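All figures in this text were calculated on a predicted structure; none of them were measured in a lab. Quick note on labels: first sequence line is chain A, next is B, and so on, each numbered from 1.
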Number of protein chains: 2
Amino acid sequence: MVTKQFKGSSLDEADLRRADSLAREIFSDVANKWALLIIEMLGERTLRFSELRDEVEGISHKMLTQNLRMLEHNGLVERTVYPTVPPRVEYTLTEPGRALRATVDAMCAWTHQYLGHIETARHRFDG
Amino acid sequence: MVTKQFKGSSLDEADLRRADSLAREIFSDVANKWALLIIEMLGERTLRFSELRDEVEGISHKMLTQNLRMLEHNGLVERTVYPTVPPRVEYTLTEPGRALRATVDAMCAWTHQYLGHIETARHRFDG
DNA sequence: CCGTATCCAAGCGGATACTG
DNA sequence: CAGTATCCGCTTGGATACGG
């Protein structure tokens, strides 16, 4: 997956394989429905946990925390806790997160642009 | 999900909801690891079933057929069967598929660009 | 070679309850 | 309000076998 991108760089074989497996790992983390929807929502503005759960419709409490931890772990979102009572926790995109968001935007745009194509393709396929 | 994109169009409420749920469905289909990796590989060139299974490393026979059917169903890949013996089946991206591929490319580029950021973010998080 | 079907284990993901 | 933990159904996905 990574090979062509680093072709001609000064990395040796072992480093290439390390980078490759890391890239696969990150891609697998990020290329899933919930993660991408969360990133899309956070692109608009900073959101609290409960706001996210409302905005990303259909997501469960558990999936939301799980994906937020993962995104935080990879440094795509930043988590800030306000020590009030009741607690207030806000999530916002980091710079890498915002960069990824641009590609998610493109994917959403694609979805809407080809809605018609896809619907007719489905009918053709089913018939 | 769709609302903002169609704002101001002449669609009525019911159509908006239909388009919205369709968009969600498509997004869920497409926003998964295997589908995106397959599309990425097919971007390079037309590939046979067995070639795909080799190129997309780690994918099982079952997942490959399942995702290929789904992509065909949505009109993103075209399947051509050569009635030879043994059979030869080739998969190629359609125009919508190629358009999507551009965004997948962007995601891959993002992955490699931020590899370093992410690795250090992980260490910070784990420590 | 390509595709479908079946079986079965593993892990996802929802519901719920409980802590700070 | 936000997060963690537990339980458990059930889907996912791998292995295998067989058909075109």
Exercise for the section: Mind checking A:Tyr82 for me? I need base, sugar-phosphate or nothing, with any heavy atom below 4.0 Å counting as a touch. Expected result: nothing

Handout entry: Nucleotide D:dA2, atom P - distance to OH of A:Tyr91 in whole Å
Key = 8 Å

Practice task
Could you state the atom-to-atom distance from CD of A:Gln66 to P of D:dT6 in whole Å?
Solution key: 15 Å

Problem - From D:dG3, D:dG14, C:dC2, nucleotide with atom closest to B:Val89 side chain - result: C:dC2

Practice task
For residues A:Tyr114 and B:Glu95, determine if any side-chain heavy atom of one lies less than 4.5 Å from a side-chain heavy atom of the other.
Solution key: yes

Exercise for the section: Rounded to the nearest angstrom, tell me the gap between atom CG in A:Leu47 and atom P in D:dA2. Expected result: 11 Å

Handout entry: Non-hydrogen side-chain atoms of A:His61 and A:Gln66 separated by less than 4.5 Å
Key = no

Handout entry: Note, B:Arg124 side chain near B:Glu119 side chain (heavy atom, < 4.5 Å)
Key = no

Problem - A:Phe27 ring center within less than 6.0 Å of B:His112 ring center - result: no

Practice task
Write down the distance between NZ (B:Lys62) and P (D:dA17), rounded to a whole number of angstrom.
Solution key: 16 Å

Practice task
Kindly say if A:Ser50 contacts the phosphate of D:dA2, meaning a side-chain N or O under 4.0 Å from OP1 or OP2.
Solution key: yes

Problem - Contact under 4.0 Å: B:Arg48 side-chain N or O vs C:dC2 OP1/OP2 - result: yes

Fill in the blank from the handout: Whole-Å distance, A:Glu51 CD to D:dA2 P, equals 8 Å

Exercise for the section: Starting from P on D:dT4, measure out to CG on A:Asn67 and report it in whole angstrom. Expected result: 13 Å

Practice task
Apply the test side-chain contact (heavy atoms from CB on, under 4.5 Å) to residues B:Arg122 and A:Ile26: give CA-CA distance (whole Å), side-chain angles for both, the deciding distance (0.1 Å), then the verdict.
Solution key: CA-CA 11 Å; B:Arg122 286 185 173 189; A:Ile26 296 168; 3.9 Å; yes

Handout entry: d(NE2, B:His61; C1', C:dT4) in whole Å
Key = 8 Å

Practice task
Output yes when at least one side-chain N/O atom of B:Arg53 is less than 4.0 Å from OP1 or OP2 of C:dC2, else no.
Solution key: no

Exercise for the section: Scan A:Arg79 against the nucleic acid and name what it touches under 4.0 Å (heavy atoms): base, sugar-phosphate only, or nothing. Expected result: sugar-phosphate

Handout entry: Atom-to-atom span, CE of A:Met63 to P of D:dT11 - whole angstrom
Key = 16 Å

